[in-house]
Amino acid sequence: MSNLNIIKNKLYGEGVEVPLTDDELISVCLTFPGTLVAACDGDFDNDERLTMLDISESLSDGDEATDSDARLGSAERYRAFMWLLDNKDEVEDLIFEGIRQIIADDDQAANNLVNMLHEVADTTDGLSEVELVEINRICNALGIENNKH
């Protein structure tokens, strides 16, 4: 069973129809490290939650203001972010393994990921020492360089 299917089963239950496409779920997983950075200081504040909501909305093909399907998709992606964060010890290795496969031969994807981590960290009060430690931990786990420190 692929890591994506394992994550689907953990997130929704076995045999349950998943309201996100595989591509949407992959996007959520690619954004998971940003969620870890947002929460690493123990204070996942409203600004950081709004950043994750903005990311959820940016992954949409539609306009949340006028398209109910786009709005529901955005809410589902946000819910998935929060569930993955709440269950990070159970899913982190699965997600990181998938991310390593995606960025293995794509320097731009790796750079985009590092930029996203720093963008999330800068959301409130700039980059803290705790956030920098978490970014470095994530980069090391993914086998990429934190070229912004």
Side-chain angles (χ1 to χ4, degrees), residues 1-41 44-45 47-123 127 131-149:
M1 180 180 289
S2 76
N3 285 3
L4 189 61
N5 286 332
I6 294 169
I7 291 168
K8 281 182 194 178
N9 288 340
K10 288 183 179 296
L11 190 55
Y12 295 101
E14 284 194 47
V16 174
E17 186 174 333
V18 178
L20 297 174
T21 66
D22 284 357
D23 286 345
E24 288 174 313
L25 192 53
I26 289 168
S27 293
V28 166
C29 289
L30 285 168
T31 310
F32 172 72
T35 309
L36 294 175
V37 171
C40 72
D41 62 2
F44 195 40
D45 65 27
D47 288 336
E48 290 163 327
R49 288 178 190 273
L50 285 170
T51 297
M52 297 315 298
L53 183 59
D54 288 346
I55 290 170
S56 173
E57 290 172 348
S58 74
L59 297 174
S60 176
D61 290 333
D63 177 10
E64 284 79 14
T66 60
D67 182 348
S68 60
D69 288 337
R71 188 170 181 208
L72 287 171
S74 179
E76 188 58 40
R77 286 185 296 276
Y78 182 79
R79 185 194 80 76
F81 287 144
M82 295 301 101
W83 187 92
L84 293 173
L85 179 62
D86 288 342
N87 295 278
K88 66 184 176 194
D89 293 337
E90 188 178 340
V91 297
E92 182 177 297
D93 289 340
L94 290 168
I95 293 172
F96 280 11
E97 184 179 319
I99 292 173
R100 281 191 298 271
Q101 291 172 5
I102 290 170
I103 64 175
D105 297 320
D106 190 342
D107 290 339
Q108 187 59 49
N111 286 334
N112 290 344
L113 181 59
V114 172
N115 288 335
M116 187 245 327
L117 297 176
H118 282 271
E119 182 180 316
V120 170
D122 286 337
T123 299
L127 178 66
E131 291 166 329
L132 181 58
V133 167
E134 182 68 353
I135 290 170
N136 286 332
R137 181 190 75 79
I138 292 167
C139 288
N140 287 336
L142 295 176
I144 58 177
E145 183 181 341
N146 178 8
N147 55 10
K148 294 187 76 90
H149 62 277

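Start at 1 with the first residue, then count along the sequence. Here the structure is a predicted model, which is why all the values come from computation and not from measurement.
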Inset, instruction - Could you name each residue pair satisfying salt bridge (Lys or Arg N to Asp or Glu O under 4.0 Å) that touches residues 78-91, not counting sequence neighbours? - result: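 Passing the test, one end in residues 78-91: Lys10-Glu90, Glu76-Arg79.
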Inset, instruction - Any pair with a residue in residues 18-33 that passes salt bridge (Lys or Arg N to Asp or Glu O under 4.0 Å), sequence neighbours left out, goes on the list, sorted by first then second residue, please. - result: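 For residues 18-33, and leaving out neighbouring residues, the salt bridge (Lys or Arg N to Asp or Glu O under 4.0 Å) pairs sorted by first residue read Lys8-Asp22, Glu24-Arg77.
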Mind checking the [atom1]-[atom2] spacing from [X] to [Y]? Nearest 0.5 Å is all I need.
X	Y	atom1	atom2	result
Asn9	Leu4	CG	CG	10.0 Å
Asn111	Asn115	CG	CG	6.5 Å
Leu20	Leu72	CG	CG	11.0 Å

Among all residues two or more places apart in sequence or in another chain, which pass the side-chain contact (heavy atoms from CB on, under 4.5 Å) test with [X]?
X	answer
Met82	Thr35, Phe44, Arg49, Tyr78
Glu97	Asn3, Arg100, Gln101
Asp106	Gln108, Ala109
Ile95	Ile7, Cys29, Phe32, Leu84, Val91, Ile99

Inset, instruction - Please step through side-chain contact (heavy atoms from CB on, under 4.5 Å) for the pair Glu134 and Arg137, ending with a clear verdict. - result: CA-CA 5 Å; Glu134 182 68 353; Arg137 181 190 75 79; 2.9 Å; yes
Heavy-atom pair with the smallest gap, counting every atom of [X] and [Y]:
X	Y	answer
Leu36	Glu92	CD1-OE1, 3.6 Å
Leu127	Ala121	CD1-CB, 3.5 Å
Ala110	Ile103	N-CG2, 4.1 Å
Val120	Gly34	CG1-O, 3.3 Å
Val114	Glu145	CG2-O, 3.6 Å

Legend entry - Pairwise side-chain contact, Leu30 with Leu113, heavy-atom cut-off 4.5 Å (strictly under):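 Not in contact.
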Legend entry - Min side-chain heavy-atom separation Asn146-Leu117 under 4.5 Å: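 Heavy-atom side-chain distance check fails, nothing below 4.5 Å.
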